[in-house]
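Heavy-atom basis, side chains included; hydrogens, waters and symmetry copies ignored. Proteins come first, then strands; the chains are lettered A, B, ... in the order of their sequence lines, and each starts at number 1.
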2 protein chains.
Amino acid sequence: MGHSRPADQAGLRRGNLALLVRTLREHGALSRAQLAVRSGLSKATVSSLVSDLELRGLVHSAGISAGGQGRPGQLVALRPTSVSGVGLDVHVGHVGAAVTDLAGDIVFRRRFVCDVPALGPERTIDHLAELATAALAEVDGLVGPPVGVTVSVPGLVDTSAGTVTLAPRLRWRDVAVADELAARTGLPLDLISVDNDANLGAMAEQAAMNGESGDPVTDLVYLTGDFGIGGGVISGGRLVRGSIGFAGEIGHMGMDPLGPYCSCGRRGCWETRVGLGALLHACADPDDPVRDPTLDLDQRMRMVRARAAQRDQRTLDALHQIGSALGVGVSILVNLLNPAVVVLGGYFAALPEWLVEPIRNQVVAGVLAPGAGGARVVGSRLGFTASTTGGALAALRRVLDDPTVVPLNQPEDEEAPA
Amino acid sequence: MGHSRPADQAGLRRGNLALLVRTLREHGALSRAQLAVRSGLSKATVSSLVSDLELRGLVHSAGISAGGQGRPGQLVALRPTSVSGVGLDVHVGHVGAAVTDLAGDIVFRRRFVCDVPALGPERTIDHLAELATAALAEVDGLVGPPVGVTVSVPGLVDTSAGTVTLAPRLRWRDVAVADELAARTGLPLDLISVDNDANLGAMAEQAAMNGESGDPVTDLVYLTGDFGIGGGVISGGRLVRGSIGFAGEIGHMGMDPLGPYCSCGRRGCWETRVGLGALLHACADPDDPVRDPTLDLDQRMRMVRARAAQRDQRTLDALHQIGSALGVGVSILVNLLNPAVVVLGGYFAALPEWLVEPIRNQVVAGVLAPGAGGARVVGSRLGFTASTTGGALAALRRVLDDPTVVPLNQPEDEEAPA
DNA sequence: GACTTTCGATCGGGCACTCAACGAAGTGGA
DNA sequence: TCCACTTCGTTGAGTGCCCGATCGAAAGTC
């Protein structure tokens, strides 16, 4: 067990500051008295903590609470523009960036199309650094300084070193992404982290689910749908990373020893059955524009959608086939992990009307726990943007976990551009 | 996220008391000065904490530290006999009990053979209560009072309610184990918890691994080997329970849509290929004593071992076949969870010489991460006793996480039986 | 307009940890 | 033998944090 750090009063304070920030994120503006009730802290402590957060610029007064008896409360609300989080994304066909404010709302998003495997790490990171610099310049004045930058990479990542160990699809190996990015952007190295795209996608989807409904989702499985399939697992509210951070490599589950050959050299990997390649092969001939790699993927997905909507039999058959094969693997995941939700990301998210049903059928049939252990299967609403959004949220988490990373001493002068 | 409790100074104290207890468990007897260095606390705080733990009877002086310059330190050591943990076990063919001291060493173990499905829940819990009462009577005087009792059940468990939701092999459904046991034994209800056998086995194996080697194992997969196959997953040092506690139901992963029918009604479940039934069928004819259900399982396993050691071809083939089928499933687990160790429990633990090798081969071939992501495959040394041991450890964890559950005010009179 | 209710600031108190100082208890050399 | 020297563990002052109680402030109610 690694939890071997002593607890001191500073940590106690940090924890309670974070508790208030979380409470405000979940419930919106609250008075100090309401905060005291919801957090379980005393009014006196809440007053002290709120004034601390005010000095850090993380919260501000937000009017007077509505009717009721007695003295009205002075509402305290998160100041979303106080800080920002930056998510960067290295994909096979593009690099992307997203910036969110403290509330998690996107304030900037951009994508730069490029052939990453052909460019190589050096020049790709050049583009990434440009994108980051442009993003920060563009949001300057709108939101406060970034509290973190997280780079999403589809591959095996050493998060503690900020390096990519192996990313076959990018043809990257042992790339010091954090170092290189810090050197190019001038951002401090300790602000930059690197993580797997499926992990970040899972975080983004979890945040999206918790933003809307009642019960917070603590157990979630996220599937990236692309040529390769990745998995992000959140269990008990925490990411499952594995002993050296390689968890979630789900695309290469062996589903059929006699199945088609996979890029990894083995046969019958799950992604040979449910990856984007499998869909495209099943639903279109080689000269079909749907299979034209020079076209934008979103556009090709819209074509598939249109055909399915018009009840084109070949397309429907292909989708049903993919959905069933997905269901077999999802059943394994649900049996093993008992998630509350399975989120279909990537290209799956463009086709939920045809994929979710066959998956659900397979899962209900294939899971031992009654009612599939309560697992829902849903399409992502973030689609291909999940990993950048998740990166920005991961960056914000630093503040949410420890608000003292934002310095004190900013009593006045906010982002009012002269 | 559920971590919404305010932190106060009492919690801080609890955390630091627990920190010292953990440090002493890991490093053995230490002086106060050494404790201060290892824990990161100040000498003054350590003195205060140690005297607190002394008043609770959890530690005691243990001589003077050896040579070196300066004043020798007064060693402080855990007092293993101060409290005890009780693990109870409901199995298909027996009920069992184990009691450990604070160090995790077994001080009592007993098994009562009975046909649990035939007896039904009521009478089974009668036996369990008898066993528990006998155990506590027998260890009275040897160790202190139990800080918890954990019941291991092979099935789906609602840990918060202490009930068994569904245990097909026992033919139990919605059995209030904790309540019933409390009523029969007179033990306070809040001391009793109920958990899945694979979860407890995983905890026991993790503790066993960390007891010996250097690096603590935080990511581990445990497989129960019986007629059914269960999985216990520890990720980042914490059990993966799933959204409603049904995680780890790994025996019913669909491995082959055309495979043999399973007791769950589906085809090709993993346990039809690697469960005890599969082994027995593959290695012996129906009239072979190995397949005589009236014989003790340990004894039958010894027969299989003997034949394999004598290079009986049919036995070797059977073991190789089981090992390969195990490897396919283990590869999935390793790809998804990237554990540091996969522990083979239950009947697998009796045959590691013939099972580990084919599994390793499959895993190395079937896992994307280089070198199988560092995953080792090992046979359990606890075997069928893992779940009771794990139950006792789970009970002890209450003290390890919060030493203040043991009351103060026991300055004198220890367990010196008149 | 007085009463009631609720809010939020403030103060004193208790608790936990830290630092610095000091006596205690050994070693090693003169 | 005696005296530095080193290290240990306790003690007391100091600081920071949370809490309960108190009190003035700011509304609604009668």
When the distance from CZ of A:Arg14 to C1' of D:dC17 is rounded to whole Å, what number comes out? 13 Å

Non-neighbouring partners of A:Asp219 that pass side-chain contact (heavy atoms from CB on, under 4.5 Å), sequence neighbours left out: A:Ser235, B:Ser243

Is there any protein nitrogen or oxygen under 3.5 Å from a nitrogen or oxygen in nucleotides 16-20 of chain C, and what are the pairs?
{"from": "C:dA16", "atom 1": "N3", "to": "A:Gln9", "atom 2": "OE1", "distance (Å)": "2.8"}
{"from": "C:dC17", "atom 1": "OP1", "to": "B:Asn16", "atom 2": "ND2", "distance (Å)": "2.5"}
{"from": "C:dC17", "atom 1": "OP2", "to": "B:Arg13", "atom 2": "NH1", "distance (Å)": "2.7"}
{"from": "C:dT18", "atom 1": "OP2", "to": "B:Ser42", "atom 2": "N", "distance (Å)": "3.0"}
{"from": "C:dT18", "atom 1": "OP2", "to": "B:Ser42", "atom 2": "OG", "distance (Å)": "2.9"}
{"from": "C:dT18", "atom 1": "OP2", "to": "B:Thr45", "atom 2": "OG1", "distance (Å)": "2.7"}

Do any N or O atoms from the side chain of A:Ser84 and from the backbone of A:Gly144 form a donor-acceptor pair under 3.5 angstrom? yes

Ignoring hydrogens and geometry, is there a side-chain-to-backbone donor-acceptor pair from A:Asn16 to B:Ala7 under 3.5 Å? yes

Walk along nucleotides 23-30 of chain C from 5' to 3' and tag each nucleotide B, S or - by protein heavy-atom contact under 4.0 Å, base first, then sugar-phosphate. BBBBS---

Would a distance-only check, ignoring hydrogens and angles, find a side-chain to backbone donor-acceptor pair under 3.5 Å from A:Arg79 to A:Glu54? no

Which pairs pass salt bridge (charged side-chain N to carboxylate O under 4.0 Å, His left out) with one or both residues in residues 233-245 of chain B, sequence neighbours excluded? B:Asp195-B:Arg241

d(CG, A:Leu75; P, D:dA27) in whole Å: 13 Å

Listed by chain and number, what are the side-chain contact (heavy atoms from CB on, under 4.5 Å) partners of A:Gln9, not counting sequence neighbours? B:Gln9, B:Leu12

Return the value, rounded to whole Å, for the distance between atom CG of A:Leu35 and atom P of C:dG8. 9 Å

Those residues at least two apart in sequence (or on a different chain) that pass side-chain hydrogen bond (donor to acceptor under 3.5 Å, both in side chains) with A:Ser51 are none

Find out whether A:Arg32 and A:Lys43 are in side-chain contact, i.e. whether some heavy atom of one side chain is under 4.5 Å from a heavy atom of the other. no

d(CD, B:Glu54; C1', D:dG9) in whole Å: 12 Å

